[in-house]
Every structure is written in structure tokens, then in C-alpha cells.
2 protein chains.
Amino acid sequence: MEEHEGLFRSYLDSRSLKMTRPRKIILEAVFAIHEHFDVDILYDRIRKKHRDVSRATIYRTLPLLVESGLIKQSLRCQAKDHYEHIFGHKQHLHFICNRCGRIFEVDSSGIEQDLRKLASGTGFRIEEINIEANGLCSDCGK
Amino acid sequence: MEEHEGLFRSYLDSRSLKMTRPRKIILEAVFAIHEHFDVDILYDRIRKKHRDVSRATIYRTLPLLVESGLIKQSLRCQAKDHYEHIFGHKQHLHFICNRCGRIFEVDSSGIEQDLRKLASGTGFRIEEINIEANGLCSDCGK
DNA sequence: ATTAATATTGAGACTCATTATCAAAATACC
DNA sequence: GGTATTTTGATAATGAGTCTCAATATTAAT
Ligand SMILES: [Zn+2]
Ligand SMILES: [Zn+2]
Ligand SMILES: [Zn+2]
Ligand SMILES: [Zn+2]
């Protein structure tokens with residue numbers, strides 16, 4: 001059993017939820033993707049192998065994966081929410097090129113630490129951080 | 001004529017667009033609001049004074065204000081896009097409470113400076129920064 | 001293994017923010 | 001004025017995300 005599966009199982013247990021077949025398929029599909037993804041991308045990949053997982057269940061399962069700390073909602077792009085892994089990935093921020101659309105990931109641990117310090121000063125309890133900058137990548141900015 | 005009006009006028013001119021009555025009403029309503037706003041908030045405020053500005057025109061005018069650099073699309077909250085002024089406002093980041101929906105603004109100059117330093121190391125030229133953290137505010141986190 | 005209690009599912013209806021359409025009205029230029 | 005071009009308001013359409021519900025799956029107890 002892969003580690004992310006074990007983690008998801010214990011999250012489900014802790015909430016007396018069940019590791020069902022559709023949830024397992026979704027979990028595996030999510031961790032077979034190594035870029036940012038939206039529901040449609042995920043749905044298409046799952047449907048290539050399994051006819052019996054519905055969009056509704058994907059929409060229901062993603063919040064569980066977020067809640068369990070395995071993934072996060074990271075960007076909004078073309079009017080769709082996009083997700084990415086947390087488990088097995090370092091915290092990072094996104095530089096998004098306005099010209100070519102590429103997304104660059106950069107380590108954000110230092111900045112996030114400062115942000116948490118700022119928050120604790122105000123009494124705000126941070127659950128999730130999103131940092132992004134739009135502009136021109138080094139190729140497009142010449 | 002207020003400064004933001006002059007700036008919007010020259011933007012419109014530069015694109016051979018016209019400063020019409022509805023656009024002027026919308027511009028003024030936008031700059032009479034000093035918090036984050038969404039289309040509904042704006043529409044309600046405008047409607048108190050003017051019966052003849054439609055939602056459609058608001059949806060059409062906001063991108064013009066963004067393009068002209070007067071406002072920006074700053075966050076997404078309760079499934080709605082929210083906007084805020086750029087013109088005349090200091091850079092800041094957002095703490096968004098997941099429970100009550102309130103948005104807290106915190107000075108972000110220190111963090112943005114670090115971010116720009118990070119970017120210059122990678123050759124990325126930043127045009128816009130968005131930093132936000134979701135979680136529980138001090139009231140809701142008790 | 002049966003049963004009963006509970007959780008989950010897929011299908012499709014629904015919501016609601018945003019966009020597109022289009023005929024009528026406003027505007028700019030002659 | 002008249003004409004070409006924009007812009008507008010009303011309304012229809014779109015589409016991501018949510019909700020409903022009867023049918024199915026899971027679990028734990030017998
Ligand atoms: Zn680029
Ligand atoms: Zn990422
Ligand atoms: Zn709160
Ligand atoms: Zn703000």
C-alpha cells in the first residue's frame with residue numbers, strides 16, 4: 001500500500017468514512033498526475049480506465065483529499081479550480097507567465113514562515129497559503 | 001475631474017472607446033467603495049441612485065478598469081470574483097476567514113520585497129503579486 | 001451468512017456567477 | 001441633419017460546482 005493511500009485511509013477512519021472503490025480510484029488517479037489539475041483533467045484520465053466513477057464523486061472526494069492534507073486547491077485558471085499535491089512536495093509558490101502561460105514553481109518556505117509570523121501577530125489561524133506572481137518568464141521577458 | 005477619472009479617460013481614448021454615462025457612473029461607484037467588492041455589491045450601490053445601469057454593463061466595464069490599471073481582481077470569495085482599488089492604495093495581502101468570510105488586509109511590503117528578490121534570481125519579471133492565506137480569524141478560531 | 005444501520009454512489013436536476021446575443025439607443029463624424 | 005459605429009439593457013445561454021434521491025455498498029452485530 002502506497003503511503004498516500006495509508007494516510008488517506010487513516011483520515012477516512014478518523015471521520016468514520018469508508019475507503020470505497022471510487023475513492024481509491026480517484027486517489028490513485030490524483031497521485032498519478034504530477035502537474036496541477038482540474039476536475040475535467042482528472043475525470044478524463046479516470047474514465048480511460050473506469051466507466052463507473054462519476055463527476056459527482058470526484059467533486060465529493062476532492063474536498064476529502066484537501067481536508068486530509070494530501071492535496072490543496074492551488075490556482076484558479078480558465079474559470080476552474082486547480083489542485084496540486086501537497087504530500088511529497090515541498091511548499092512552493094507560483095510564477096505564472098502572462099505570455100506563454102507556463103507555471104514555474106519556486107520554493108516558498110522562507111516567505112511562508114514570515115507569513116505565519118505575521119498571522120500569529122493578528123490572531124489569525126492560517127490553514128492554507130497561496131502565493132502567486134504574474135508577469136513574464138525569462139524567455140518571454142527578453 | 002478626479003484623478004482616477006482622468007486616467008480612465010485617457011485609457012479609453014487610447015483604445016478609441018468612449019466615456020459614456022454608464023461607464024462614468026460605474027467608475028464613480030467603484031471609487032466610492034473603499035473595501036473589496038464584487039459585482040453584486042457594486043450593482044446594489046449603483047442602483048440606489050441610478051435605475052439605468054445594468055449588470056451587463058458592469059460586467060463589461062470592470063475588465064476595462066482592470067486593463068487601465070485602476071483596479072485589480074484580487075480574490076475569489078464565496079464563488080465570486082472580488083475587486084479592489086490599485087490606484088491610491090498600498091500593497092497588502094489578504095487573510096480570508098473560511099468561516100465568516102471576512103477579509104483582513106495586512107501590509108505585505110516586506111514579503112513582497114523578498115518575493116521580488118526571489119524572482120530576480122530566476123529571471124522572472126513580476127508584474128503582479130497575489131498573496132493570500134485562508135484559515136480562521138481570531139473570532140472564529142476560538 | 002443474514003440482517004440492520006449507515007454511508008456512498010451515479011444520474012441528473014439545479015444554482016448562480018459570468019458571458020453571449022441582439023435589437024434599440026447613444027455617440028461621433030461628415 | 002444623416003450615416004456609420006459603439007454601447008447599452010434585457011434576456012437567453014453557458015458551465016462549473018452543488019444538491020437530491022433512490023439504489024447500492026459497507027460495516028458491525030447477530
Ligand atoms: Zn513565458
Ligand atoms: Zn504548484
Ligand atoms: Zn471569521
Ligand atoms: Zn485588499
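Proteins get letters first, then strands, A, B, ... in listed order; numbering begins at 1 in each.
The listed nucleotides are dA11(C), dG17(D), dG10(C); the one nearest the side chain of Arg47(A) is dA11(C). Among the nucleotides dG10(C), dT5(D), dT26(D), the one closest to any side-chain atom of Val53(A) is dG10(C). Counting only heavy atoms from C-beta on, Ala56(A) has its side chain closest to dG12(C) among dG9(D), dG12(C), dT6(C).
Here dT26(D) presents its P atom at 12 Å from CZ of Arg9(A), a figure rounded to the nearest Å. When rounded to the nearest whole Å, the span between CG of Leu17(A) and C1' of dA25(D) equals 15 Å. When rounded to the nearest whole Å, the span between CD1 of Ile25(B) and P of dT8(D) equals 10 Å. dT18(C) atom C1' lies 15 Å from atom CD of Gln78(A), rounded to whole Å. When rounded to the nearest whole Å, the span between CG of Leu64(A) and P of dA7(C) equals 14 Å. Distance Asp44(B) CG to dA17(C) P: 12 Å, rounded to the nearest Å. Taking atom CZ of residue Arg15(B) and atom C1' of nucleotide dT5(D), one finds them 16 Å apart after rounding to whole Å. Atom-to-atom, CG of Asp52(A) to C1' of dT24(D) comes out at 13 Å; the value is rounded to the nearest Å.
A donor and an acceptor atom sit less than 3.5 Å apart, one in the side chain of Arg60(A) and one in the base of dG10(C).
Residue contacts shown for Arg55(A) are absent, as no nucleic acid heavy atom lies under 4.0 Å away. Residue contacts shown for Asp38(A) are absent, as no nucleic acid heavy atom lies under 4.0 Å away. Within 4.0 Å of Lys80(B), counting heavy atoms only, lie sugar-phosphate atoms of the nucleic acid but no base atom.
Side chain of Ser16(A) to main chain of Asp13(A): no donor-acceptor pair is present (N/O by atom type, distance under 3.5 Å, no hydrogens or angles).
Taking only side-chain nitrogens and oxygens, Tyr59(B) comes nearer than 4.0 Å to OP1 or OP2 of dT18(C). In this model, the phosphate group of dT9(C) is approached by a side-chain N or O of Thr20(A) to a distance below 4.0 Å at OP1 or OP2. Proximity of Arg23(A) to the phosphate of dT8(C): a side-chain N or O atom is located under 4.0 Å from OP1 or OP2.
Comparing Arg51(B) and Ser16(B) by the nucleotide of DNA chain D that holds the closest heavy atom to each, the one mapping nearer the 5' end is Ser16(B). Between Ser54(A) and Arg21(B), the residue whose closest nucleotide on DNA chain C is further toward the 5' end is Ser54(A).
Rounded to the nearest 0.5 Å, atoms CG (Leu27(B)) and CG (Leu65(B)) are 6.0 Å apart. Rounding to the nearest 0.5 Å places CG of Leu75(B) at 4.5 Å from CD1 of Ile103(B). Note that SG of Cys97(B) and CZ of Arg102(B) are 7.0 Å apart. Values are rounded to the nearest 0.5 Å.
Using a 3.5 Å distance cut-off with no hydrogens or angles, the side chains of Glu84(A) and His92(A) do pair a donor with an acceptor.
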